[in-house]
There are 2 protein chains.
Amino acid sequence: MTQASAPIDLSQLRRSCRACGLLELCLPAGIDQAELERLDSSVRDKRTLESGGMLFRQGDPFHALYVVRSGTLKTVVQDADGAQQVLGFHLPGEIVGVDALAHDAHQSSAEVLERSSICELPYSRLEELTAQIPGLQRQLLRIVSREMVAEQSHVVTMGRQQAQERLAIFLRSLSERYGRLARDTTHLILPMSRYDIANYLGVVVETVSRLFTRMEDLGVLRVSRKVIHILRPDLLGEMCGAGGARERAGRAS
Amino acid sequence: MTQASAPIDLSQLRRSCRACGLLELCLPAGIDQAELERLDSSVRDKRTLESGGMLFRQGDPFHALYVVRSGTLKTVVQDADGAQQVLGFHLPGEIVGVDALAHDAHQSSAEVLERSSICELPYSRLEELTAQIPGLQRQLLRIVSREMVAEQSHVVTMGRQQAQERLAIFLRSLSERYGRLARDTTHLILPMSRYDIANYLGVVVETVSRLFTRMEDLGVLRVSRKVIHILRPDLLGEMCGAGGARERAGRAS
DNA sequence: CCGCGGAACTGATCCAGATCAATTGGCCGC
DNA sequence: GCGGCCAATTGATCTGGATCAGTTCCGCGG
């Protein structure tokens, strides 16, 4: 791993990260202060989208990556018939749009779930920067690889987990990711509908609803519309692993 | 996309690609003849593994990417309990190991399904090369992005498709991918077990077996152990899309 | 040639979760 | 406050595919 030679003021840096998540993403690339500022100034192209707005649509030509500054997005693919599958939710600090790198066109659509502020990183600009900052190129590769691993986890969840485990895993993941933004990881605000959650997990709304009720009955959490209060993170954790549940689907090989 | 200024002898190139799939992967990067030869000479580190052998295991430190020259691999993740999920199968010309880029350790294991010849591309070497060949870096990014999109399709399959559609999609995908290797796309040889197929698709072996039988009864294909003869590619195609089947899982939003 | 062992196939039953059908609860405009 | 609307919840029933329990097929060693 390359490491910046110049010492970096981390706390000040994180403040600017809060302002534009790309920096957060590039931090491990070993970029020094001056380069960071150059970077920062090149991505000031922010915009605000209202709930329901589309950041990009499946098929749109690729010209930029995006970082969520505030708010939440979902990415969705539309298959042959009209049906759609939610691929993921994107919280502040997370990157969106890497699906377009391979084919020069977006393979999914990104929809805004609540008023959101987005940083746009034109890819041409990014290419200029990577020519100058070798660490950035590598970091970009890491980011895409991380996205791929995230999709793989999603596959594992869909392929091997029961409905209840899926929901537990989803909530735990959200909790962990919100942890970067707030100190309290036990109060989750869900900006997405039950339909989105269900679709993301590959079950129907009714199932999600019933599972929330069941978890509430078990004393694991407390639900009130968009707000989830996790009472027993330990129990939630147990519900993620195959806690005594018998296995679905076949062993391999 | 960038195009090599020097004209390239494509057919000769593909022959060398046959010798080492990396070239195939790098072709679109716009690399000229001399650079390709340099590249080729730096990846002559081939090795042969027997069926059942492991190319790498989950948790292994990352030091190289791999290209399948001949044979087939599967990649697999092991979750908390012993259960495993097959993430994918890798045919000649395909790249393996990009899951390790993000975390400097492999997130999955790669197992050889039949005697296979593998090209090892040490990442340190690759970094040297990318410093000299800007197009290669970009191509690498594209490859990882493409892998991510492939995982996303897998998610869609698992999340929204019935068992029969999943199998049809799997067979069609195999057929298309074998198409790069052989002219006849109607005869498939499946190097993986029924267990592997079932696990990959998120169903149990019995279901796969019954589906093969059903498809044979429908006259779509002919099965004999490891060999699948597709009689009606058109029907197979229909079985992929939601051909009249009613939808599973909820609409989003 | 026979007997063994593992993969593949088939049949009978069961159940998690889908589907269908209301009901409840908030929120907003009037 | 009242009525309309839509998200969320709950209940009753149905079903695709899992599970359980064999049986068949094929390769291989003796």
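Not measured: the values here are computed from a predicted model.
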### Message
Can you confirm whether more than 12 heavy atoms, excluding those of B/Arg222, are under 6.0 Å from its CZ atom?
### Response
no
### Message
What is the separation between atom CD on A/Gln162 and atom C1' on C/dA18, rounded to the nearest whole Å?
### Response
14 Å
### Summary
Result for side chain to side chain donor-acceptor pair (under 3.5 Å) between A/Thr72 and one of A/Arg115, A/Glu114, A/Glu94 points to A/Glu114
## Note on the structure
Taken in chain and number order and not counting sequence neighbours, the residues that satisfy ring pair (Phe, Tyr, Trp, His ring centres under 6.0 Å) with B/His63 are none
### Query
Are the aromatic ring centres of A/Phe62 and A/Phe56 under 6.0 angstrom apart?
no
### Summary
Protein heavy-atom contacts under 4.0 Å, written 5' to 3' over nucleotides 8-14 of chain D as B (base), S (sugar-phosphate only) or - (none), form the string SBBBB--
### Task
Using five pairs at either end of the helix from C/dC1-D/dG30 to C/dC30-D/dG1, determine the angle between the two local helix axes and round it to 10 degrees.
30°
### Query
Taking side chain as C-beta onward, heavy atoms only, is A/Val155 less than 4.5 Å from B/Gln85?
yes
### Task
Give the rounded distance in Å between these two atoms: CG of A/Asp196 and P of D/dA7.
11 Å
### Atom-to-atom span, CD of B/Glu216 to P of C/dA8 - whole angstrom
15 Å
### Query
Over how many whole Å does the gap from B/Arg214 atom CZ to C/dC9 atom C1' extend?
15 Å
#### Entry: Rounded distance (Å) that lies between atom C1' of D/dA7 and atom CG of A/Leu113
15 Å
#### Entry: Separation of A/Arg214 CZ from A/Gln164 CD (nearest 0.5 Å)
4.5 Å
### Message
Tell me the interatomic distance from B/Gln164, atom CD, to D/dT15, atom P, rounded to whole angstroms.
### Response
18 Å
#### Entry: Exercise: identify the closest heavy-atom pair between A/Leu87 and A/Tyr200
O-CE1, 3.2 Å
#### Entry: CZ-CD1 distance between B/Arg225 and B/Ile189, expressed to the nearest 0.5 angstrom
15.5 Å
